[in-house]
Amino acid sequence: MPTSSASTTDSTKSSSSSGGVQSLERAFDLLERMADAGGEVGLSELSVSSGLPLPTIHRLMRTLVVCGYVRQQPNRRYALGPRLIRLGESASRLLGTWARPYLARLVEETGETANMALLDGDEIVYVAQVPSKHSMRMFTEVGRRVLPHSTGVGKALLADLPADEVRALLSRTGMPAATDKTITTPDGFLAALAEVRDLGYAVDDNEQEIGVRCLAVSVPDSPTAAAISISGPAGRVTEAATERIVPVLQQVAAELSEALANTGG
């Protein structure tokens, strides 16, 4: 995204030559900058980060406010608006739909149930699943929400966040024990995240449900934080199986990342 007036000018030339609508591109750029800033910003902050003049930003923001995509707070700052929630929910469902062929491939190559999950606020939400063909298999309802500290996908999604952000999230959610294997301390969880970074994948070893192991990786450069995983009985998802399954997970995640990037055409 453009970060200076020069880069904004370059973006403008590019959009003009490609037939893009400049005001529309600028409006979406401002929404993304607001999201990156935590959802609430002042006009001067947007001007500095985007390189756009204040009158232009003010005009765009007024339009977004009228449409319900932005709201003005009593302190005169601007926050993301409620109409974006419906768009986000629909996009999440579509993301799961796009991922299903890749999850199906995971099932074919690993034999275990494959899942896709997103980080939504402080929670993990499952947006797609393709079940294993085994009679004994794992099942997670699409739409189910869980806390990240007890899941493989949660570890994969949080592994690259700064430690202070992870601690803040854990302080908001708490760390209740789903099983006696669940990590219940921030220091223990941060140590687990360091291991995820070292290994390149995350493990839920009986931490969400006794008898179940899960292997997970994040989807690189996903438009929203996403992870894919396989889950199965601990007797099948052994250490030996992990060595075979993880490269498949990583390859499928890379291919899904490329496919998602290409949807913008």
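Quick note: numbers below take in every heavy atom, side chains included, and nothing from hydrogens, waters or symmetry partners.
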Taking Leu193 as the starting point, is it possible to reach Leu118 by hopping between hydrophobic residues whose side chains are less than 4.5 Å apart?
no
Would you say CZ of Arg76 has more than 12 non-hydrogen atoms from neighbouring residues, nucleotides or ligands within 6.0 angstrom?
no
Hey, are the side chains of Leu30 and Ser50 touching, using non-hydrogen atoms and a 4.5 Å cut-off?
yes
Does some side-chain heavy atom of Asp187 sit less than 4.5 Å from a side-chain heavy atom of Arg167?
yes
Hey, does the side chain of Ser171 reach the backbone of Ala168 with a donor-acceptor pair shorter than 3.5 angstrom?
yes
CZ of Arg71: more than 12 outside heavy atoms within 6.0 angstrom?
no
For Glu112 and Ser132, test the side chains for any donor-to-acceptor distance below 3.5 angstrom and give the result as yes or no.
no
Less than 4.5 Å apart, any side-chain heavy atom of Tyr201 and any of Thr242?
yes
Do Arg145 and Asp122 meet the salt-bridge criterion of a basic N to acidic O distance under 4.0 Å?
no
Salt bridge between Lys155 and Glu195, side-chain N to carboxylate O under 4.0 Å?
no
Whether Glu207 and Arg213 form a salt bridge (side-chain N of Lys/Arg under 4.0 Å from carboxylate O of Asp/Glu) is what I want to check.
no
Stepwise, does the side chain to side chain contact (heavy atoms under 4.5 Å, CB included) test hold for Tyr78 with Leu43?
CA-CA 8 Å; Tyr78 289 85; Leu43 291 184; 3.5 Å; yes
Test of understanding: with side chain to side chain contact (heavy atoms under 4.5 Å, CB included), list the residues that count as partners of Val107, not counting sequence neighbours.
Ala114, Val130
Are the side chain of Ser257 and the backbone N or O of Pro220 linked by a donor-acceptor pair below 3.5 Å?
yes
Measure the shortest side-chain to side-chain distance between Leu80 and Glu40 over non-hydrogen atoms and say whether it is less than 4.5 angstrom.
no
pair Met61-Gln72: side-chain heavy atoms closer than 4.5 Å
no
Using the rule that Ile, Leu, Val, Met, Phe, Trp and Tyr join whenever any side-chain heavy atoms are under 4.5 Å apart, tell me whether Trp98 and Tyr126 fall into a single cluster.
no
Note, Val153 side chain near Met116 side chain (heavy atom, < 4.5 Å)
no
To the nearest 0.5 Å, what is the distance between OG1 on Thr110 and CZ on Arg105?
11.0 Å
Mark yes when over 12 heavy atoms from residues, nucleotides or ligands other than Asp221 sit less than 6.0 Å from its CG; otherwise mark no.
no
Are side-chain heavy atoms of His149 and Leu170 found at a separation under 4.5 Å?
yes
Approximate separation, where rounding is to 0.5 Å, of Leu106 CG and Gln251 CD
10.5 Å
With a 3.5 Å distance limit and no angle check, can you tell me whether Thr238 reaches the backbone of Gly235 through a side-chain donor-acceptor pair?
no
Considering all heavy atoms of both residues, which atom of Gly174 and which atom of Pro176 are nearest to each other, and what is their separation?
C-CD, 3.4 Å
For Ser23 against Leu60, the heavy-atom pair lying closest together:
O-CD2, 3.7 Å
I'd like to know whether Leu147 forms a side chain to side chain contact (heavy atoms under 4.5 Å, CB included) with Ile124, so could you lay out the CA-CA distance, the side-chain angles of the two residues, the decisive distance to 0.1 Å, and finally the verdict.
CA-CA 6 Å; Leu147 298 182; Ile124 301 300; over 6 Å; no
Do Glu243 side-chain atoms and Ala240 backbone N/O form a donor-acceptor pair below 3.5 Å?
no
Which atom names give the shortest non-hydrogen contact between Gln129 and Arg100, and what distance separates them?
O-NH1, 2.8 Å
Nearest heavy-atom approach of Ser222 to Leu260 is OG-CD1, 4.2 Å
Give a yes or no answer on whether the side chain of His134 reaches the backbone of Thr113 with a donor-acceptor pair at less than 3.5 Å.
no
Stepwise, does the side chain to side chain contact (heavy atoms under 4.5 Å, CB included) test hold for Glu109 with Arg244?
CA-CA 10 Å; Glu109 296 197 25; Arg244 172 179 58 84; over 6 Å; no
Find out if a path of hydrophobic residues (ILVMFWY) with successive side-chain heavy-atom gaps under 4.5 Å connects Leu169 to Val125.
no
Thr56 side chain to Leu52 main-chain N or O, any donor-acceptor pair under 3.5 Å?
no
Do Ile183 and Leu199 belong together in a cluster built from hydrophobic side chains that touch within less than 4.5 Å?
no
N/O donor-acceptor pair under 3.5 Å between Thr184 side chain and Met175 backbone:
no
Could you tell me the separation between the CD1 atom of Ile57 and the CG atom of Leu64, rounded to the nearest 0.5 Å?
11.5 Å
Below 4.5 Å, heavy atoms only, C-beta onward: do Ile230 and Val248 meet side chain to side chain?
no
Of the non-hydrogen atoms in Gln208 and Ala178, which two are nearest, and what is the gap between them?
O-CB, 3.7 Å
Could you check Asn115 against Ser231 for side chain to side chain contact (heavy atoms under 4.5 Å, CB included), going step by step and ending with a plain yes or no?
CA-CA 8 Å; Asn115 312 279; Ser231 55; 3.4 Å; yes
Same cluster for Met34 and Leu119 if Ile/Leu/Val/Met/Phe/Trp/Tyr side chains link at under 4.5 Å?
no
To the nearest 0.5 Å, tell me how far Leu54 CG sits from Leu46 CG.
9.0 Å
Which pair of non-hydrogen atoms, one from Leu157 and one from Ala117, has the smallest distance, and what is that distance?
CD1-O, 4.2 Å
CZ/Arg62: more than 12 non-hydrogen atoms of other groups inside 6.0 Å
no
Have Asn206 and Thr179 got a donor and an acceptor in their side chains that come within less than 3.5 Å?
no
